[in-house]
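Working notes, beginning with the structure itself.
Every chain is numbered from 1, with letters handed out A, B, ... down the list of sequences. A quick note: this is a predicted structure, and the numbers were derived from the prediction, not measured. The figures that follow rest on heavy atoms only: side chains count, while hydrogens, waters and symmetry mates do not.
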Amino acid sequence: MTVRVRFAPSPTGYLHIGGARTALYSYLFAKAKGGQYILRVEDTDLERSKREFEDAQIGDLLWLGIEHDEGPDKGGEFGPYRQSERMQMYKDIAWDFVERGLAYPCFLTSEELETLTEKANEEKKAPHAYHGKYRDLDSAEAKKRVDAGEEHVIRFKNPGKKWTFTDLVRGEVTFPEDMVGDFVIIRSNGMPVYNFCCVVDDHKMGMTHVFRAEEHLNNTCRQLQIYEALNATPPEFAHVSLLVGEDRQKLSKRHGATSVTQYKEMGYLPGAVTNYLTLLGWSHPDEQDIFDVLDLGDVFDYTRFSKSSAMYDIKKLNFFNEQWLRKLSDEEIAKGFEGALGSDSEFAKQDDSWKQKFSALMKEKVQLFSDIKEHMAVFFNSAADEDEQYKEAISWETTPQVKEYLASQVNELTTEFITEEQVGEWMNYLKKELKIKGKPLFMGMRVCLTGRAHGPDLKTVVALTPISIVKERLS
RNA sequence: GCUCCCAUCGUCUAGCCUGGUCUAGGACACCGCCUUUUCACGGCGGUAACAGGGGUUCAAAUCCCCUUGGGAGUACCA
């Protein structure tokens, strides 16, 4: 049987970093087994679902390199892949359940429900204790009320037995009889509910494995019941550990940037993001940490998931991004820098050979492309950065000599840039003729030429700085 | 409250299934040294963990139980 795994986001917002990880695991597993990875859109929440979010999520998934074999945007033999387009099927199945005595219409109003829940709470019973008021209503009577247009939901009749299944990451999990009550499968507005249509679709779409976050673990109890009513064999479940924030709570917006879109916009490399995300809850058998997850092949499997939740740590993500950045060519780095700096930046105005040299020099200095912003002043700002070390160097008695000599040399030049060789010659002159050496020589030249005590390799920096800037610094 | 899940350095984790090779390995972060006559990169080194208590066993991070702690769910959201 060929493996089929799906990722089923609901388009109520941008793709969450945790969702991306589940998608990644699903995709990686499908590919490891030579199976298919399917994208299904769960848009049964009418108020919150938006097509623009669906488009954005698909875009982000593709950006990460997670390409689906079937989905709403490309079809497939198990379509449609948007739940809003499968409504009739859910309704038919729900009413079939009703006819088979597995489900029933329920006429509880929301006010009644509230009172009942309160009552259950007071009596320290499960909140769902009284949800079954209409479970034994005569079916003909129920039908009559439904036909008369009375508002109703359809509830699934909990058969009242223990449920056990073997989770791929957690092992055997058992739920007690009264874990859930008679739960709603069709809302009063006619829309099916997650636990129902998810199962219908996973079954109809031939899913063999389901990867989802641990928060869904308890839902499996309800879902198992639906599978049974469907006479279907449930897929294998893998409930992956949760991603949490610094406070150990489920990762959410208040923890900072949690959508893939944000990372894309901040200039993170998709390979770095997937690399880091994969390692939050899964480990490489060879204890490798920097690798392209898309090249994992059959190395990826579900035996190496960790069961405990993982704290999302942006510092480590940044480290991964840094490692991935280092592997890029100078051209690619240049493109990234330009993206971060903008097309009207000083960087963008330079020619290709300058950009490449600059990129080769600066790529070791950044974790993110956007970090380059902090380094631009060395090249384009004529004003000095007067920190302690700068002040010290500028006060050395030899520094005025250095500056005077450098100024005389630079002012003679009519080129746009100084060459590395010229800087070398000046250095030699200062050393031989003026007998300046050691720190006063090197640091002296640096502060005069670059206006600051720190920076990348002196000759290279100077050769990349517009001569007009250098002249201003020496004036 | 009830149900379910989880528990190794501050963090991500290896090891656990198939007890001994674990004075617990790697990575991030942090600190120090070297390198760089700056900064960074890099190299080397360091601090730092088996939640607690009982068993089982010649032997337990590894198996069992309890306690404690954390998390998730408990919806006509997904």
Side-chain angles (χ1 to χ4, degrees), chain A residues 8-12 19 42-45 47-49 106 108 110 113 117 120-121 124-129 131 151-155 167 169-171 173-176 178-181 183-195 197-198 212-221 239 241-242 244 246-250 276 279-290 303-304 306-320 322 326 361-366 375 378 389-390 393 437-443 445-447 450 452-458 461:
Chain A
S10 63
T12 54
E42 309 216 323
D43 53 351
T44 56
D45 183 338
E47 289 92 63
R48 298 198 299 145
S49 296
C106 165
L108 244 29
S110 43
L113 215 46
T117 307
N121 277 339
K124 297 205 165 170
K125 289 185 178 171
H128 56 251
H131 287 183
E151 191 173 285
H152 66 282
V153 301
I154 295 180
R155 283 184 187 274
D167 189 88
V169 355
R170 270 147 233 289
V173 178
T174 304
F175 303 107
D178 57 348
M179 172 90 181
V180 295
F183 56 94
V184 173
I185 56 175
I186 301 282
R187 299 173 171 105
S188 55
N189 68 0
M191 298 299 283
V193 137
Y194 165 74
N195 279 306
C197 45
C198 172
R212 48 159 62 144
E214 197 198 322
E215 55 189 316
H216 288 291
L217 188 58
N218 288 341
N219 283 328
T220 313
C221 181
H239 287 93
S241 66
L242 238 33
V244 298
E246 284 198 340
D247 55 0
R248 283 266 150 214
Q249 314 251 313
K250 192 165 77 171
Y276 174 64
L279 255 12
L280 274 181
W282 184 81
S283 61
H284 191 111
D286 302 333
E287 294 198 49
Q288 281 183 41
D289 37 24
I290 305 296
T303 64
R304 301 194 62 85
S306 85
K307 296 183 198 174
S308 40
S309 51
M311 189 184 289
Y312 184 73
D313 177 13
I314 199 146
K315 276 190 187 163
K316 194 152 182 177
L317 203 213
N318 288 343
F319 168 79
F320 275 80
E322 177 185 316
R326 298 272 153 71
L361 176 70
M362 299 306 288
K363 76 167 160 188
E364 310 271 285
K365 305 259 172 196
V366 298
H375 297 282
V378 190
Q389 287 167 84
Y390 174 87
K437 58 187 177 189
K439 235 177 175 181
L441 201 222
F442 290 92
M443 192 49 94
M445 285 185 75
R446 178 175 290 280
V447 293
T450 72
R452 56 218 77 225
H454 306 294
D457 176 69
L458 183 60
V461 177

Counting only side-chain N and O atoms of [X], is one of them less than 4.0 Å from OP1 or OP2 of [N]?
| X | N | value |
| --- | --- | --- |
| A/Lys250 | B/G73 | yes |
| A/Ser283 | B/A14 | yes |
| A/Ser306 | B/U13 | yes |

(request) Treat primed atoms plus P, OP1 and OP2 as sugar-phosphate and everything else as base, then score nucleotides 33-38 of chain B 5' to 3': B for base contact with protein heavy atoms under 4.0 Å, S for sugar-phosphate contact only, - for none. (result) ----BB
Closest listed nucleotide, where the reference is the side chain of [X] and the choices are [options]:
| X | options | answer |
| --- | --- | --- |
| A/Val184 | B/G73, B/U74, B/C76 | B/C76 |
| A/Glu215 | B/C76, B/A29, B/G73 | B/G73 |
| A/Val193 | B/U13, B/C76, B/U74 | B/C76 |

For [N], what is the paired nucleotide under Watson-Crick or G-U wobble rules, both distances under 3.5 Å?
| N | answer |
| --- | --- |
| B/A14 | none |
| B/A7 | B/U68 |
| B/U74 | B/G1 |
| B/G42 | B/C34 |
| B/U56 | none |
| B/G19 | none |

(request) Using a 4.5 Å cut-off on heavy atoms from C-beta on, say whether the side chain of A/Ile154 contacts that of A/Ile185. (result) yes
From [atom1] of [X] over to [atom2] of [N], roughly how many Å is that when rounded to an integer?
| X | N | atom1 | atom2 | value |
| --- | --- | --- | --- | --- |
| A/Leu279 | B/G26 | CG | C1' | 11 Å |
| A/Asn219 | B/A78 | CG | C1' | 8 Å |
| A/Phe320 | B/A29 | CZ | C1' | 13 Å |
| A/Gln249 | B/G70 | CD | C1' | 9 Å |
| A/His239 | B/U3 | NE2 | C1' | 15 Å |
| A/Phe319 | B/C30 | CZ | C1' | 14 Å |
| A/Glu47 | B/A78 | CD | C1' | 13 Å |
| A/Glu246 | B/C28 | CD | P | 19 Å |

(request) Could you pull out the closest heavy-atom pair between A/Tyr276 and A/Asp313, with the gap in Å? (result) OH-N, 2.8 Å
(request) Would you kindly compare A/Glu364 and A/Val244 by the position of their nearest RNA chain B nucleotide and give the one closer to the 5′ end? (result) A/Glu364
Mind checking if [X] touches a base, just sugar-phosphate, or nothing, with heavy atoms under 4.0 Å?
| X | result |
| --- | --- |
| A/Ser241 | nothing |
| A/Asp178 | nothing |
| A/His216 | base |
| A/Arg326 | sugar-phosphate |
| A/Leu108 | base |
| A/Arg212 | nothing |

(request) Assess whether side chain to side chain contact (heavy atoms under 4.5 Å, CB included) is satisfied between A/Gln249 and A/Val244, documenting all intermediate values. (result) CA-CA 5 Å; A/Gln249 314 251 313; A/Val244 298; 5.8 Å; no
(message) Could you work out, with side-chain hydrogen bond (donor to acceptor under 3.5 Å, both in side chains) as the rule, every residue matching A/Glu215, not counting sequence neighbours?
(response) A/Lys250
(request) With sequence neighbours excluded, tell me which residues meet side-chain hydrogen bond (donor to acceptor under 3.5 Å, both in side chains) with A/Asp178. (result) none
Show me the protein contacts with nucleotides 63-67 of chain B, counting only N or O atoms at under 3.5 Å.
none

(message) We want to know whether A/Thr117 and A/His128 form a side-chain donor-acceptor pair, criterion being a heavy-atom distance below 3.5 angstrom.
(response) no
Pairs under 3.5 Å (N/O, protein and nucleotides 4-11 of chain B):
{"from": "B/C5", "atom 1": "O2'", "to": "A/Arg170", "atom 2": "NH1", "distance (Å)": "2.6"}
{"from": "B/C5", "atom 1": "O2'", "to": "A/Glu214", "atom 2": "OE2", "distance (Å)": "3.1"}

(request) Check the pair A/Ser241, A/Arg170 against side chain to side chain donor-acceptor pair (under 3.5 Å), reporting the backbone distance first and the verdict last. (result) CA-CA 10 Å; A/Ser241 66; A/Arg170 270 147 233 289; 5.4 Å; no
If you measure from the [atom1] atom in [N] to the same atom in [M], how many Å do you get, rounded?
| N | M | atom1 | answer |
| --- | --- | --- | --- |
| B/G19 | B/G55 | C1' | 15 Å |
| B/A40 | B/A29 | P | 14 Å |
| B/G69 | B/G53 | C1' | 14 Å |
| B/C4 | B/C50 | C1' | 25 Å |
| B/C9 | B/G46 | C1' | 13 Å |

(message) Holding to ring pair (Phe, Tyr, Trp, His ring centres under 6.0 Å), I want the full list of residues that pass it with A/His454, two or more places apart in sequence or in another chain.
(response) none
(message) Working note: A/Asp45 + A/Met191, criterion side chain to side chain contact (heavy atoms under 4.5 Å, CB included); need CA distance, chi angles, decisive distance, verdict.
(response) CA-CA 8 Å; A/Asp45 183 338; A/Met191 298 299 283; over 6 Å; no
